[in-house]
Amino acid sequence: MTVSDFRLHDTTPAPAIANPARPLRRLHVITWGCQMNVYDSGKMADVLAPLGYRPADGPADADMVILNTCHIRERATEKVFSELGRLRVIKEQRAAEGRSTILAVAGCVAQAEGAEITARAPYVDIVLGPQTYHRLPEMVARAHRAAGPVIETDFPVEQKFDFLPDAPAAQEQAVTAFLTVQEGCDKFCSFCVVPYTRGAEASRPAAAVLEEARRLAARGAREITLLGQNVNAYHGVGPDGRDWGLARLIRALADLPGVLRIRYMTSHPRDMDDDLIAAHADVPALMPFLHLPVQSGSDRILDAMNRRHTADDYRRLIDRLRAARPDLALSSDFIAGHPGETSADFAATMQLIRDIGFAQAYSFKYSSRPGTPAARAPGMVPEAEKDSRLAELQALIRAQQDDFNNRSVGLEMPVLVTGAGRRPGQIAGRTPYLQAVHMDGDASLAGQIVPVKIRQSLTNSLSATLGLSATLIVPAFKQERASA
Ligand code: SAH
Ligand code: SF4
Ligand code: F3S
């Protein structure tokens, strides 16, 4: 049976185990962009697994290559075309050897620039937006038959989540996992393409999320990060038929066996409700580390950005969160040089950063995105000025991050062991604050939370030694495994 035997419009989830009679095919996925793209790439591999697709070593070895793209900042489209040029050469080399290659472009650039992709790169076989990847098997079948490209960039009425099969049973699961609970955005910040590429806010039913979390935990995931473009705007229908907010969902997830740690990202300050703040106080599995983008510390710029809150609203919100969870550490996103940003506005952003104190943050130079309101706004900041503001901001953030990491030295922290470290005999893990840690230890500790003494803060990680009690955990854990 070849893939082209797949019925058109057949979106029935195929069996999780591949038909052994099906020829083995190789799939290579290149992922750019946010965590949701990482999650989506995994799901694309899952829907293709029943067709016999297994991971390739690289594009040259792949019968199908998916480029999962991001549109958030400048030159996104050009970057895609330059990568496609490289993939075209590989496709032609393979064709000369008698091997065919399906080339697919997915993600937010595909959504925004589908027509341009097919016009400029006619050797692309499939263009699919983030809402249509459950239709990939059918699109692959059509690509085999069709002379031209197969394009799917509409926002279908059906929810892709209803059609996604579980990951193949053989697939090894990592200790940490992403789980999309909400997608899309209705906020329309002046500068941002996401509402156009991901569509309107939509939340998955709580039962579907809980079921996916149960499966992840059964395969060994111990830390689950709930994903959404506006994850704290989550409002899904609960198993009781009522509307569940994110806090309610987190409480139910925390009750699942095996789910030891929960995180969520990315949040909007306006959607941080009382119940979610309370969850930080009373759900121990909810980690004391929150990514809460503020973008700017100037009210004038926050207004121009259509963020619909002030810098003081943000400060008060952080006060309430810290009152609920005194050991909470924070991360954020900042944009330097939004149209209209004066040096006084920028100084207000620097002041906000000093007032709050971040454990880390992501910062970007404002990048004009066609079709967004900011792209047409007056007061564009000169490139050199944006560069110098960004450098100044990043230096402050770096200093705060180093300070935060230095203050970890000497502390004993519960570390979730994620697997083997880089050097033999070493293991890696993460602290509640998402700091990467490495230490000497037995890789059989993967999936366990162990007490660890932080010894040293390095540029991007901490080095540590296992705490005393950890040695007692090993035999117990092994026993548990043996009897499982
Ligand atoms: N939904 C999230 C983040 C979406 S994009 C939120 O609301 O916070 C991730 C980050 O990219 C944003 O927080 C913003 O800081 C940055 N970003 C988005 N559009 C940008 C643009 N046009 N120029 C520069 N940075 C941008
Ligand atoms: Fe973009 Fe704003 Fe929506 Fe975040 S909240 S995805 S920055 S429009
Ligand atoms: Fe990029 Fe789309 Fe994510 S534009 S940041 S991949 S939502």
Side-chain angles (χ1 to χ4, degrees), residues 30-41 44 66-77 79-80 105-113 128-131 133 153 178 180 182-202 226-234 264-272 290-297 301-302 304-309 314 330-339 341 349 358 361-377 380-381 383 386-387 389-390 393-394 397:
I30 302 166
T31 309
W32 294 338
C34 60
Q35 285 84 351
M36 198 172 290
N37 261 13
V38 175
Y39 175 88
D40 290 351
S41 288
M44 287 192 270
I66 302 176
L67 179 58
N68 196 8
T69 61
C70 172
H71 203 229
I72 203 80
R73 276 171 291 276
E74 223 161 11
R75 288 194 286 277
T77 313
K79 199 174 151 201
V80 169
V105 183
C108 291
V109 177
Q111 185 64 45
E113 312 275 1
L128 72 155
Q131 304 308 330
Y133 54 72
T153 50
F178 291 132
T180 293
Q182 181 277 345
E183 198 170 348
C185 178
D186 299 339
K187 298 280 189 298
F188 291 92
C189 298
S190 61
F191 49 83
C192 184
V193 291
V194 171
Y196 312 96
T197 62
R198 291 274 171 173
E201 277 177 15
L226 307 178
L227 295 183
Q229 264 88 36
N230 262 290
V231 71
N232 58 343
Y234 177 85
Y264 60 94
M265 76 182 300
T266 299
S267 297
H268 193 288
R270 277 181 63 90
D271 292 317
M272 212 71 210
L290 178 63
H291 181 67
L292 190 60
V294 62
Q295 316 294 357
S296 169
I301 294 303
L302 286 168
M305 286 176 163
N306 191 31
R307 294 289 291 183
R308 297 190 295 135
H309 64 80
Y314 188 81
L330 291 148
S331 155
S332 197
D333 288 350
F334 294 94
I335 295 180
H338 184 273
E341 187 186 84
T349 300
F358 291 93
Y362 302 93
S363 46
F364 314 94
K365 188 162 71 158
Y366 169 73
S367 167
S368 175
R369 309 305 292 128
T372 59
R376 300 185 296 272
M380 287 296 164
V381 178
E383 213 53 31
K386 285 197 270 185
D387 284 333
R389 287 182 195 173
L390 183 67
L393 193 152
Q394 287 183 337
I397 293 291

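No experiment lies behind these values; they were computed from the predicted model shown. In listed order, ligands and their atoms are each counted from 1.
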Under a 3.5 Å distance rule, please check whether Y314 uses its side chain to pair with a backbone N or O of L292 as donor and acceptor. yes
Any idea which protein heavy atom is nearest atom 2 (Fe) of ligand 2, and the distance to it? C189 SG, 2.3 Å
Considering only heavy atoms of P293, which atoms of ligand 1 have at least one such atom less than 4.0 Å away? 8 (O)
Counting only non-hydrogen atoms and a 4.0 Å cut-off, the residues near ligand 3 are C34, N37, T69, C70, H71, I72, C108, R198, Q229
Go through it in stages, so that I can follow the logic: the residues are Q394 and S363, the test is side chain to side chain donor-acceptor pair (under 3.5 Å), and I'd like the CA-CA distance, side-chain angles, deciding distance and then a yes or no. CA-CA 7 Å; Q394 287 183 337; S363 46; 3.0 Å; yes
Contact (N/O only, under 3.5 Å) between D333 and ligand 1: yes
Tell me which one of A374, G228, S367, P195 gets a heavy atom nearest to atom 22 (N) of ligand 1. S367
Nitrogen or oxygen of F191 less than 3.5 angstrom from that of ligand 1: yes
Mark yes or no for whether T69, through its side chain, and V109, through its backbone, hold a donor-acceptor pair below 3.5 Å. yes
The atoms of ligand 1 lying under 4.0 Å from a heavy atom of Q229, numbered in the order shown, are 1 (N), 2 (C)
What part of F191, side chain from CB on, backbone N/CA/C/O, both or neither, has a heavy atom under 4.0 Å from ligand 2? side chain
Taking E74 for the side chain and S368 for the main chain, is one N or O donor matched with an acceptor at less than 3.5 Å? no
Within-4.5 Å side-chain heavy-atom neighbours: E201 and K187: yes
Contacting atoms of ligand 1, where contact means under 4.0 angstrom from a heavy atom of R307: 7 (O)
Sub-3.5 Å donor-acceptor pair from the side chain of R389 to the main-chain atoms of E341, do we have one? yes
Drop me the distance from F358's CZ to D333's CG, to the nearest 0.5 angstrom. 10.0 Å
Check P195 against ligand 2 and report side chain, backbone, both or neither, counting heavy atoms closer than 4.0 Å. side chain
Strictly under 4.0 Å, does any heavy atom of N230 approach an atom of ligand 1? no
The reported gap from CD1 in I301 to CD in Q295 (rounded to nearest 0.5 angstrom) is 12.0 Å
Does V294 form a side-chain contact (heavy atoms from CB on, under 4.5 Å) with H309? I'd like the steps, not just the answer. CA-CA 9 Å; V294 62; H309 64 80; 4.0 Å; yes
of all protein heavy atoms, closest to atom 1 (Fe) of ligand 2 is C192 SG, 2.3 Å
Please find out if less than 6.0 Å separates the ring center of F191 from that of F364. no
If you measure every N/O of Q295 against every N/O of ligand 1, is any gap under 3.5 Å? yes
Under 4.0 Å, counting heavy atoms only: does M305 come that close to any atom of ligand 2? no
Is it true that R270 lies under 4.0 Å from ligand 1, counting heavy atoms only? no
Heavy-atom distances under 4.0 Å decide this one: backbone, side chain, both or neither, for T266 against ligand 2? neither
Give the numbers and elements of all ligand 1 atoms closer than 4.0 Å to a heavy atom of K365. 23 (N), 24 (C)
CG-CG distance between L227 and N37, expressed to the nearest 0.5 angstrom: 10.5 Å
Is T266 in polar range of ligand 1, meaning some N or O pair under 3.5 Å apart? no
For atom 10 (C) of ligand 1, is the nearest protein heavy atom under 4.0 Å away? yes
Can you report which non-hydrogen protein atom sits closest to atom 3 (Fe) of ligand 2, along with the distance? C185 SG, 2.2 Å
